[in-house]
Amino acid sequence: TSAYTLYPVPAILTSTATAAPSLSTLTLLFLTTGTFLTSASANTLNMLLEPAHDAQMSRTRNRPLVRGLVSKRAAAVFAAATAALGTAALWLGVNPTTALLGAANIALYAFVYTPLKRVSVANTWVGAVVGAVPPLMGWTAAAGQVLAVPLDPALSPLRRVLDESRELLFGEASPGGWLLAALLFCWQFPHFNALSWPIREEYRKAGYRMLCWVNPARNARVAVRYSFLLIPVCVGLSYYGITEPAFIPASLAVNTWVCYEAVRFWRYEG
């Protein structure tokens with residue numbers, strides 16, 4: 001929603017009644033509904049794949065599948081239904097590019113991130129990608145209304161979708177979407193690395209390979225590294241005109257505090 005709101009709307013879309021830039025409220029409704037449903041599907045599939053592991057952790061042992069409040073069959077039907085409805089809402093109500101991002105995120109979260117948690121600490125980076133995709137979806141939802149993508153009717157439907165995706169994701173207006181995605185990507189490391197630290201023994205006993213117990217020192221270093229990367233990302237948002245210049249000092253104040261706390265975290269673990 002924030003990415004959709006921040007998209008710079010040209011004067012051609014200005015409302016004559018209010019003289020304020022405007023994007024479609026209906027598209028926003030489809031965007032938020034579709035994203036919500038695809039997220040519900042991804043989370044349900046995640047719980048379907050690891051109830052035995054969830055039962056071993058205090059933060060997940062009360063989930064419905066662990067407690068037997070919902071059957072696996074009912075959960076699978078719910079996951080399939082929300083995936084189909086969510087992707088359809090994004091495809092028909094927003095655009096195919098946003099729908100493909102939503103569908104890909106279901107697969108990435110449920111079938112790459114979830115099993116990887118018991119194999120490699122790289123799971124956290126994959127999970128951060130999953131968290132970074134929704135802002136990109138908001139950006140492509142807005143860009144699809146503003147950018148006039150020339151679509152040759154002689155082209156196949158697949159080629160038209162690919163041409164649209166190339167323009168929305170890699171066209172001249174795309175840096176803002178990638179920067180907002182980068183902001184969420186970087187933020188997740190100081191967030192999760194600190195969050196996982198107090199329950200590191202639970203992760204270890206449940207078989208989840210998280211940096212907090214596999215390599216505590218690196219866990220803290222990664223938190224510091226990505227905290228400092230928040231600063232150039234925020235500068236980039238202002239550089240590309242997504243935010244006003246005042247955003248640079250404002251975000252710097254917040255990011256400096258994040259970096260300070262991350263360094264304290266590193267010193268404590270080190």
Ser41 versus Ala83, closest heavy-atom pair with distance: OG-CB, 3.3 Å
What is the distance from atom OG1 of Thr98 to atom OH of Tyr4, rounded to the nearest 0.5 Å? 10.0 Å
Short N-O contact, Glu50 and Lys117, less than 4.0 angstrom: yes
From Glu164 atom CD to Leu169 atom CG, the distance as rounded to the nearest 0.5 Å: 9.0 Å
Neighbour count >12 (heavy atoms, 6.0 Å) for atom CZ, Arg63: yes
Atom CZ of Phe247 with >12 non-hydrogen neighbours under 6.0 angstrom: yes
Yes or no on ring-ring contact (aromatic ring centres under 6.0 Å, His included) for Trp125 and Phe185, after CA distance, side-chain angles and deciding distance? CA-CA 8 Å; Trp125 279 263; Phe185 180 85; 8.2 Å; no
Hey, does the side chain of Glu202 reach the backbone of Gln56 with a donor-acceptor pair shorter than 3.5 angstrom? no
Heavy-atom neighbours of Glu244 CD exceed 12 at 6.0 Å: no
Between Thr114 (side chain) and Phe111 (backbone), is there a donor-acceptor pair under 3.5 Å? no
Say whether Thr140 and Thr97, considering side chains only, have a donor N or O and an acceptor N or O under 3.5 Å apart. no
Run Tyr7 and Trp139 through ring-ring contact (aromatic ring centres under 6.0 Å, His included) and show every step you take. CA-CA 6 Å; Tyr7 191 91; Trp139 192 264; 4.6 Å; yes
How far does CG of Asn219 sit from SG of Cys212, to the nearest 0.5 angstrom? 6.0 Å
The test is side-chain contact (heavy atoms from CB on, under 4.5 Å); show your working for Val222 and Thr124 and say whether it passes. CA-CA 11 Å; Val222 168; Thr124 305; over 6 Å; no
Please work out which of the three classes, parallel, tilted or perpendicular, describes the rings of Tyr208 and His53, given edges at 30° and 60°. tilted
Using atom types as modelled and distance alone, determine if a side-chain donor or acceptor of Asn123 lies under 3.5 Å from a backbone N or O of Arg209. yes
Run the salt-bridge test on Glu261 and Arg264 with the 4.0 Å N-O cut-off and return the result as yes or no. yes
Can we say Arg160 and Asp163 salt-bridge, meaning some charged N sits less than 4.0 Å from an Asp/Glu carboxylate O? no
Heavy-atom nearest pair, Thr60 first then Asp54, reads OG1-O, 2.7 Å
Pairs meeting criterion salt bridge (Lys or Arg N to Asp or Glu O under 4.0 Å) with involvement of residues 120-130, two or more places apart: none
